[in-house]
K.L.:
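Mind looking over this structure? Questions follow.
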Number of protein chains: 2
Amino acid sequence: MPDAIPAFRPDRLGKDVLAELPAYDLIELFFFAYRDFVSDPDRILDEYGFGRAHHRVLHFVDRQPGLTIAELLDILKITKQSLNRVLKELIEKDFIESRTGTSDRRQRLLFATAQGHDLALKLAKLQTRRIMRALSELDPDGKKHVSGYLLRLIDPDDRAHVERLVFGDGKT
Amino acid sequence: MPDAIPAFRPDRLGKDVLAELPAYDLIELFFFAYRDFVSDPDRILDEYGFGRAHHRVLHFVDRQPGLTIAELLDILKITKQSLNRVLKELIEKDFIESRTGTSDRRQRLLFATAQGHDLALKLAKLQTRRIMRALSELDPDGKKHVSGYLLRLIDPDDRAHVERLVFGDGKT
DNA sequence: GAGATATGTCAACAAGGCTGACATAAAATT
DNA sequence: AATTTTATGTCAGCCTTGTTGACATATCTC
């Protein structure tokens with residue numbers, strides 16, 4: 001008779017044991033889920049000649065009217081050259097407007113135009129449909145679990161920043 | 001006195017109402033969480049001269065020894081030309097081995113080498129650490145909620161396929 | 001006035017997607 | 001046996017979106 005396998009005791013898991021058991025299920029589900037999630041807007045973006053990079057910029061500008069370049073760079077974590085390429089197109093095609101800052105005239109404050117807002121909303125609704133479909137089959141407090149989990153996946157140093165951005169900081 | 005705001009009744013939400021209320025929180029949390037999640041392995045991959053595309057290929061080959069090219073293309077949903085570019089490098093650097101199929105000699109069966117398996121495991125453990133940290137602060141059944149949610153985010157047509165792939169199909 | 005800061009821009013490069021066309025070997029069909 | 005289909009490989013070129021490095025301009029701060 002083989003040796004008994006010790007009972008699984010999550011409360012006793014040390015770092016060493018965790019390291020032995022890769023969470024393949026969550027790793028892979030996250031990959032597939034994200035792939036499908038971001039692919040929803042693609043067809044619509046295509047009609048406008050935009051890509052996913054444009055979507056991300058438009059999304060955050062629409063959500064945070066008056067965002068500065070520096071703030072946007074901090075959110076997206078890309079270089080200003082990469083940002084500028086897509087931002088320039090969004091401005092030229094009149095989806096985003098750039099105004100000179102009032103208190104600091106070096107800054108550029110970004111705003112979605114009416115057209116930009118419409119597109120951002122259209123894409124957000126599309127993704128929301130998928131999210132709601134997935135949430136609908138969960139417990140009533142399933143959403144709390146999911147958003148808590150996603151939040152804690154984020155780097156601890158960024159977490160407070162993201163929380164403010166996502167849930168609002170009381171100023172708005 | 002303004003009109004009373006109707007109580008939020010998720011059980012009564014029709015498609016129209018859902019569409020009016022974009023789930024900005026989950027959309028953004030998903031974006032930030034996925035960004036940090038996939039960035040973990042980057043530094044290690046860099047040491048080997050590999051990128052994220054190599055990681056994905058190595059991961060699935062390691063998880064499903066004997067995978068064919070066609071099956072891998074179906075999982076990754078990229079073109080064979082894109083796959084071949086990274087797969088060729090993984091084979092040349094001896095992280096993956098390609099054997100001619102036995103029942104069908106047109107097929108190539110892919111296997112991770114010892115070196116390839118070690119790298120795949122190292123990267124999976126790294127991502128698992130982040131996942132476990134995020135799960136650890138959830139209810140005991142938080143993991144069920146999360147994996148159920150992620151699974152239902154996936155396109156319905158793919159869901160059964162992914163389930164088999166992630167949770168096993170009983171054959172292995 | 002000098003230096004720091006916010007932004008813009010040019011040029012070049014890399015990763016990793018894509019399309020289209022064509023090649024080969026092996027299996028399946030007729 | 002000949003033909004067609006299938007699984008894979010490969011060449012060439014293009015696109016998006018990221019990167020680095022260098023330099024320019026306007027404005028704010030000291």
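In what follows, chains carry the letters A, B, and so on, assigned in the order in which the sequence lines appear, proteins first and then strands, with residues in each chain numbered from 1.
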K.L.:
Using atom CG of B:Leu83 as one end and atom C1' of C:dG17 as the other, report the distance to the nearest whole Å.
P.N.:
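One finds 12 Å between C1' of C:dG17 and CG of B:Leu83, rounded.
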K.L.:
Per the ring pair (Phe, Tyr, Trp, His ring centres under 6.0 Å) rule, what does the pair list look like for residues 104-149 of chain B, sequence neighbours excluded?
P.N.:
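The answer is A:His145-B:His145.
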K.L.:
Does NZ belonging to A:Lys93 count more than 12 external heavy atoms closer than 6.0 Å?
P.N.:
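Yes, enclosed.
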K.L.:
Could you tell me how far apart B:Ile78 (CD1) and C:dG17 (C1') are, to the nearest whole angstrom?
P.N.:
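Rounding to the nearest Å, CD1 of B:Ile78 and C1' of C:dG17 are 8 Å apart.
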K.L.:
Give a yes or no on whether the backbone of B:Asp94 and the side-chain of B:Gln115 come within a donor-acceptor separation of less than 3.5 Å.
P.N.:
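A pair under 3.5 Å: yes.
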K.L.:
Starting at atom CZ of A:Arg85, determine the distance to atom P of C:dT7, rounded to an integer number of angstrom.
P.N.:
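Distance check: A:Arg85 CZ to C:dT7 P gives 19 Å.
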K.L.:
Whole angstroms only, please: what is the CG-C1' distance between A:Leu76 and D:dT17?
P.N.:
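About 12 Å, once rounded to whole Å.
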K.L.:
Distance check: side-chain N/O of A:Ser82 vs OP1/OP2 of D:dT19, anything under 4.0 Å?
P.N.:
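For A:Ser82, the contact criterion (side-chain N or O under 4.0 Å from OP1 or OP2 of D:dT19) is met.
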K.L.:
Within 45° of the six-membered ring axis of B:Tyr24 and under 6.0 Å from that ring's centre, is NZ or CZ of A:Arg63 located there?
P.N.:
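A:Arg63 over B:Tyr24 ring: yes.
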K.L.:
Would you please test B:Leu26 and A:Leu135 for side-chain contact (heavy atoms from CB on, under 4.5 Å) and show each step?
P.N.:
CA-CA 11 Å; B:Leu26 287 175; A:Leu135 280 181; 3.6 Å; yes
K.L.:
Going by number, which of residues 42-56 of chain A have a non-hydrogen atom under 4.0 Å from DNA chain D?
P.N.:
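Output list: A:Gly51, A:Arg52, A:Ala53, A:His54, A:Arg56.
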K.L.:
Considering only residues two or more places apart or on different chains, which pairs with a residue in residues 87-110 of chain B satisfy ring pair (Phe, Tyr, Trp, His ring centres under 6.0 Å)?
P.N.:
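Every ring pair (Phe, Tyr, Trp, His ring centres under 6.0 Å) pair that includes a residue of residues 87-110 of chain B, provided the two are not neighbours, is B:Tyr48-B:Phe95, B:Phe50-B:Phe95.
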K.L.:
Are the side chain of B:His54 and the backbone of B:Gly51 linked by a donor-acceptor contact shorter than 3.5 Å?
P.N.:
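Pair found, side chain donor or acceptor close to backbone of B:Gly51.
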K.L.:
Grab the NZ-C1' distance between A:Lys77 and D:dT17 for me, whole Å please.
P.N.:
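Checked: the NZ to C1' distance equals 18 Å.
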K.L.:
Does a sphere of radius 6.0 Å around CZ in A:Arg105 hold more than 12 heavy atoms from other residues, nucleotides or ligands, not counting ones at 6.0 Å or beyond?
P.N.:
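No, the 6.0 Å shell around CZ holds no more than 12 heavy atoms from other groups.
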K.L.:
Check the hydrophobic clustering (I, L, V, M, F, W, Y; side-chain heavy atoms under 4.5 Å; chains of links allowed) and say if A:Ile96 and A:Leu76 are grouped together.
P.N.:
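Hydrophobic grouping puts A:Ile96 with A:Leu76.
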K.L.:
Tell me, with the steps shown, if B:Val57 and B:Leu110 meet side-chain contact (heavy atoms from CB on, under 4.5 Å).
P.N.:
CA-CA 10 Å; B:Val57 170; B:Leu110 303 173; 5.9 Å; no
K.L.:
Restricting to nitrogen or oxygen on both sides, can you table the protein-nucleotides 5-11 of chain D pairs closer than 3.5 Å?
P.N.:
residue : atom : partner  : partner atom : Å
D:dT6   : O4'  : B:Arg106 : NH1          : 3.4
D:dT6   : O2   : B:Arg106 : NH1          : 2.8
D:dT8   : OP1  : B:Ile69  : N            : 3.4
D:dT8   : OP1  : B:Arg108 : N            : 3.3
D:dT8   : OP2  : B:Ala70  : N            : 2.9
D:dT8   : O4   : B:Lys80  : NZ           : 3.3
D:dG9   : OP2  : B:Asn84  : ND2          : 3.2
D:dG9   : N7   : B:Lys80  : NZ           : 3.3
D:dG9   : O6   : B:Lys80  : NZ           : 2.3

K.L.:
According to ring pair (Phe, Tyr, Trp, His ring centres under 6.0 Å), does anything in residues 60-81 of chain A pair up with another residue at least two apart or in another chain? List the pairs.
P.N.:
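Checked against ring pair (Phe, Tyr, Trp, His ring centres under 6.0 Å) - neighbours excluded - the pairs reaching residues 60-81 of chain A are A:Phe60-B:Phe31, A:Phe60-B:Phe32.
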K.L.:
Please check the phosphate of D:dG18 (OP1 and OP2 only) for any side-chain N or O of A:Thr79 closer than 4.0 Å.
P.N.:
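The answer is no; no side-chain N or O of A:Thr79 sits under 4.0 Å from OP1 or OP2.
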K.L.:
Using five base pairs at each end, measure the axis-to-axis angle across the helix from C:dG1-D:dC30 to C:dT30-D:dA1 and round it to 10 degrees.
P.N.:
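So the angle between the two local helix axes works out to 20°.
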